[in-house]
K.L.:
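Quick one: this structure, given as structure tokens, is what I'll be asking you about.
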Amino acid sequence: MSTAGTESLLRQAREVREEELRQFCSRISALLRKEEPGPEALDALRRLFLIVSAEVDGAVATDFFTVLSTAQRFTEDQWLNVQAFSMLRAWLQLSGPGGPGAPDTDDKSEQEGSTLSVLSAASSAGRLPPPERLREKAFEYCQRLIEQSNRRALRRADSDLQKACLVEAVLVLDVLCRQDPSFLYRTLSCLKALQARLCGDPTCVRALLPLAQFFLSHGEAAAVDSEAMCQHVFSRVPAEHFHSPMLAFELVQFCRDSLPLLGRNLSALRRSFPSLLKLLAWNSPPLTSEFVVLLPSLVDASTAVEMLHALLDLPCLTAALDLQLRLSPAASERPLWDASLRTTSCPDTSQDPQLQGLLQHLLRAEASGAPERLAPLHLLLQPMAGCARVLQCAEAVPTLLQAFFSAVTQFADGALTNQLARLLLERSDSLYQVPGYEARVHQVLSAQFLGLCQRRPCLVVELAKELLEFVGSGGGLRGGGSVLTSVVWAVGEYLAVSWDRRCTVDQINKFFEALEALLFEVTQSRPSATLPQCPPQLVTALMTTLTKLASRSQDLIPRVSLFLSKMRTLAQSPAAGSLRCREDERAIGTRATELLNLLKMPSVAQFVLTPSVEVAAPRYHRDTNTALPLALRTVSRLVEKEAGLLPG
């Protein structure tokens, strides 16, 4: 074979397109049978066969070239093919009915030829073929990619590329079916087979998300039930792959993007919230803001109580997931620098059936409707409370609780409001003990308890038994006493006939005795491990509430006056018990003096401390000519006059 013939073959090899490649190879084989090739010809043939494409499993390609085809060297057309696929979805959207439309083209070569020819020519010319032609060739290309993704790749890089291309192919098919419904029925059989394959292959789980998106978008038009697919994605996928950060983010984004498609049929999503919370527990820093947006769609009246339990136990869930990964066979495959492998103390739940049951409940995939008390599990997992991942998760809970209550208060009725208030009291002293977690959560719970009482003032009368038990237990002093302070304030504000006609003198007397005993205990006792130091806000709230109750049941005025006098004396004493800060002591003494002065005129005290709804309006605090400021000034003058007339 001459040098001129060799150069001619190489030139043709560079210009050949996919459909002509097989014919070209046949001609070369026939030429080799006729004459013995020389060294130059052999070199030319070697360079030629370097560009012959193969499949990812090593088989010689028998169909057109795609981004999943392999070769030791690519032609310019093949490189353009790869680049064109990366822009294919954007091209389709550009040329679709909602886009600006495809540019005009007079190049007839783009309207004929193979899929490789159309895509490569469009990429090199910078122009799009007619929309119908582009869609048809894009459909063929995606079908070919789905077929290639089923092959067993010889290299890890090719396997990863298969998964990425499969995701993109399904997204392109979704665009095609939205633009032209005629593609839908040609696509369904292929994607149903793909669904069956992907659901059984955990390595291709990321491809399930665009597939589920496809069935959600087109399930109604194609009479396909997408609920089973969505249930698999919402429950099983997070439960098994929560430790994949990229998949966790994509799954949460999928849930957010699917909300308009799900419409009012959010039952599958809401049932699966325990699995979705695993993503948040393990990846809380990047996913917190996403879940704040998603939470209103996850909660309804049937799941609100269970959801609140789950949010409060979220750091415990993180510890349980860490424990689950440590005990799994895959733990040996995790890198040594993984932070979750550094803690050596690994709790053992295999010996206790109760702990096993609690752990299974905490790790459940779907809502059970029956929340469990996890206090024994908190103790078991306490050695893991200092893990970095648990600490990060604990920091996200207050934000999530605020988002939860903002959503729940939009639909909560009276029964649910009472149930949530009761739950706040129960869980305030039953939290997983992470450093700093209890105090931050108590700040949120105290504010939300007041919000529930403001929405439903009769809650105080209806939950009188629970509130008395909470006050009497003394457990509210933990976490800074903010929850107990809110309870005391709510009792003083709403335990009145003006808010609920069911309020009785007997109830007022019972609360007075309980709060009086609590105030005596926190002011006369030294701080200890069982009785933390009482914050001054709680002391002033207790004194104010006792005074309010006494103004409503005036037989109690002598008792509270005596107690307030003792409090004023105690605050002025050098050894002020548990009150160590002089500023706090002065504030408590000032409050005691003010309340004593009000009680000297019981009728005015009742008007000031238990105002009617009209008097409690903001204008009575802003306008100096209205009744409340006038009453306060009158009381002050009378008290001062009385003090001036006293001897000595």
K.L.:
Go through it in stages, so that I can follow the logic: the residues are T399 and V292, the test is side chain to side chain contact (heavy atoms under 4.5 Å, CB included), and I'd like the CA-CA distance, side-chain angles, deciding distance and then a yes or no.
P.N.:
CA-CA 8 Å; T399 302; V292 167; 3.9 Å; yes

K.L.:
Can you spot which of L400, T318, L321 makes a side chain to side chain contact (heavy atoms under 4.5 Å, CB included) with C393?
P.N.:
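Going through the options one by one, the only one that passes is T318.
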
K.L.:
Less than 4.0 Å between a side-chain N and a carboxylate O, is that true for D322 and R389?
P.N.:
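Here R389 does not pair with D322 in a salt bridge, since their nearest N and O are not under 4.0 Å apart.
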
K.L.:
Can you tell me how far the NZ atom of K278 sits from the CG atom of L362, to the nearest 0.5 Å?
P.N.:
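One finds 8.5 Å between NZ of K278 and CG of L362.
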
K.L.:
Is there a donor-acceptor contact under 3.5 Å from the side chain of N283 to the main chain of F242?
P.N.:
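Such a contact is found between N283 side chain and F242 backbone.
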
K.L.:
Check the pair Q324, L359 against side chain to side chain contact (heavy atoms under 4.5 Å, CB included), reporting the backbone distance first and the verdict last.
P.N.:
CA-CA 10 Å; Q324 182 185 32; L359 189 61; over 6 Å; no

K.L.:
Mind listing the closest non-hydrogen atom pair of C199 and M229 along with its distance?
P.N.:
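Of all heavy-atom pairs spanning C199 and M229, the closest is SG-SD, 4.4 Å.
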
K.L.:
When you measure from the side chain of T303 to the backbone of V299, do you find a donor-acceptor pair of N or O atoms at a distance under 3.5 Å?
P.N.:
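Not a single qualifying donor-acceptor pair exists.
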
K.L.:
Please round to the nearest 0.5 Å and tell me the distance separating atom CG of D300 and atom CE of M307.
P.N.:
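Here the interatomic distance stands at 8.5 Å.
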
K.L.:
Please enumerate all residues that pass side-chain contact (heavy atoms from CB on, under 4.5 Å) together with D174, with sequence neighbours excluded.
P.N.:
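Counting only residues at least two positions away or on another chain, D174 forms a side-chain contact (heavy atoms from CB on, under 4.5 Å) with R178, Q213, F214, S217, H218.
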
K.L.:
Measure from NZ or CZ of R135 to the centre of the six-membered ring of F183, then state whether that distance is under 6.0 Å and the direction lies within 45° of the axis.
P.N.:
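Ring-cation test returns no.
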
K.L.:
Drop me the distance from Q148's CD to L166's CG, to the nearest 0.5 angstrom.
P.N.:
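The CG atom of L166 is 11.5 Å from CD of Q148, to the nearest 0.5 Å.
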
K.L.:
Please test R186 against E136 for salt bridge (charged side-chain N to carboxylate O under 4.0 Å, His left out), starting from the C-alpha separation and ending with a verdict.
P.N.:
CA-CA 11 Å; R186 299 165 61 185; E136 185 63 37; 3.0 Å; yes

K.L.:
So, using side-chain contact (heavy atoms from CB on, under 4.5 Å) as the criterion, who are the partners of H243 when residues are at least two apart?
P.N.:
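Result, side-chain contact (heavy atoms from CB on, under 4.5 Å) vs H243: W282, L325.
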
K.L.:
Who passes side-chain contact (heavy atoms from CB on, under 4.5 Å) against S244, sequence neighbours left out?
P.N.:
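Applying side-chain contact (heavy atoms from CB on, under 4.5 Å) to S244 gives L247.
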
K.L.:
Would you check, one step at a time, whether the test side chain to side chain contact (heavy atoms under 4.5 Å, CB included) holds for F291 with L277?
P.N.:
CA-CA 9 Å; F291 263 88; L277 286 182; 4.2 Å; yes

